Amino acid sequence: MDRYKLLLHFLLGFVEISLQAQTRVITGEVTDEYEEPLVGVTVTTPDRMNGTVTGIDGYYRLEIPASVFFLLFSCVGYESREVSLDRSHTLKVTLSENNHLLNELVVVGYGVQRRKDVTGSIVSMKPDKIETMPAVNIAQMLQGKLPGLHITNEASSASGAVTIRIRAQNSITAGTAPLIVVDGIEYSEGLAHLNPLDVESVDVLKDASSSAIYGAKAANGVILITTKRSVSGKTSVAFSAIMGIQKATNLPDMMNSETFYRFKEERLGYVSAFDTRQYEKGVDTNWLKHTLRTGHTQDYSLSFSGGSEQTRYYISGNLARIEGTPRNDDFNRHNLRINFDTKLAS
């Protein structure tokens, strides 16, 4: 019996040693460039299956599989790092500030500030993302691109009518549309009347701090649109053309006059005098063919910009014609925008 007990203890000890060899514990500290501890730094394995965050003293403890040889360190406002592991169980990491993100300029209604100086909730879309989207309506460009901004299509109209909500539906009976401000001026027209290529940036103020700027009108959030302005230098010319077609698909098969007559006769038990005459004449009317068509989209934009250190100008024109798939569903837009900046001598 003692022999069996000794063998059992040996096997259990071997299993324990094997399990310990499959995992290991990594501890360490995360600091900034000034050796100050960083709180809330996320420490994970590359597959994101194991992770932890640093405490108030900047220290962390993470148990990982023995097959992991890298750890990822990330924190808001700092550059993320991927650090390789050696045989040591202690790892100290230093993160550098992400100056590009912290110094990014955002529009906040009363001017322009660095993002790190703004305490409110703001999301932005910049020119490099706007100019790469071939959309006729700016609302279509924003759809699904900014967190907290919900844009739904009201109907499949040529104008692209949409419903805009920031965060969620805030009221049952009162208005829930956000306030739209274009170049510091309240804008009550639909976004379909703005030329997307004239837009420099879009900033969305989502929290209650926007009410301190615009009052009760900003209760449902604010959409700030800044249009393009020129920079000093040589005159530049830009031209854009968008053309496309629209066609209804997956249409149902329509009955001819005979099938329709038999259907009403068998299912309803009667046929109207009009349908009877149509059936006797052999007239087949495809109502979808009479109400739908192949839609066409044409959108042309031309802009001039330039100037000197004292005077700058940006002039743009836009002509858009959209024919929707339903007949008589047309949308036309003619825009002329002039932004003129000059420094007056004092």
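Just so it is clear, the values below take in all heavy atoms, side chains as well, and ignore hydrogens, waters and symmetry mates. Because the structure is predicted, anything quoted here is derived from the model rather than measured.
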Any side-chain heavy atom of [X] sitting closer than 4.5 Å to one from [Y]?
X    : Y    : answer
I223 : I166 : yes
K247 : T325 : no
Y261 : T276 : yes
Y78  : V41  : no
P252 : L288 : yes
D198 : N318 : no
I322 : Q246 : yes
P65  : N50  : yes

*Sidechain N-carboxylate O distance under 4.0 Å for E79, R81*: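 Not counted as a salt bridge, because no side-chain N and carboxylate O are separated by less than 4.0 Å.
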*Do E280 and R277 sit within salt-bridge range, that is, some charged N less than 4.0 Å from a carboxylate O?*
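No.
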[X] to [Y] - nearest heavy-atom pair and separation:
X    : Y    : answer
H296 : I245 : CD2-CG2, 3.8 Å
K289 : R327 : O-NH2, 3.6 Å
T54  : Y60  : CG2-CB, 4.0 Å
E33  : E97  : OE1-N, 3.9 Å

Other residues, nucleotides, ligands: >12 heavy atoms within 6.0 Å of [X] [atom1]:
X    : atom1 : answer
N328 : CG    : no
L268 : CG    : yes
F239 : CZ    : yes
Y59  : OH    : no
E309 : CD    : no

*Angle class for the F260/F263 ring planes (parallel below 30°, perpendicular above 60°, tilted otherwise)?*
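Rings of F260 and F263: parallel, as their planes differ by under 30°.
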Nearest 0.5 Å, what's the [atom1]-[atom2] distance between [X] and [Y]?
X    : Y    : atom1 : atom2 : answer
Q310 : D341 : CD    : CG    : 12.0 Å
L62  : T44  : CG    : OG1   : 8.5 Å
D183 : R229 : CG    : CZ    : 5.5 Å

*asked:* Applying side-chain contact (heavy atoms from CB on, under 4.5 Å) to L85 and I64, what does each step give before you reach the verdict?
replied: CA-CA 11 Å; L85 300 174; I64 61 174; 3.6 Å; yes
*Evaluate the side-chain contact (heavy atoms from CB on, under 4.5 Å) criterion for residues R61 and V25: first the C-alpha distance (whole Å), next the side-chain angles of each, then the deciding distance (0.1 Å), finally the verdict.*
CA-CA 7 Å; R61 181 184 185 277; V25 176; 3.7 Å; yes
*Begin with the C-alpha distance, continue with both residues' side-chain angles, and end with the deciding distance and a verdict on side-chain contact (heavy atoms from CB on, under 4.5 Å) for Y313 and T342.*
CA-CA 9 Å; Y313 62 88; T342 184; over 6 Å; no
*Check: R337/Y314 side-chain N/O donor and acceptor closer than 3.5 Å*: no
*Pair S316, N195: side-chain N/O donor-acceptor within cut-off below 3.5 Å*: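 Absent: no donor and acceptor within the cut-off.
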*Is there a side-chain contact (heavy atoms from CB on, under 4.5 Å) between L336 and H334 once you walk through the steps?*
CA-CA 7 Å; L336 176 63; H334 307 85; over 6 Å; no
*Sub-3.5 Å donor-acceptor pair from the side chain of N332 to the main-chain atoms of R321, do we have one?*
no
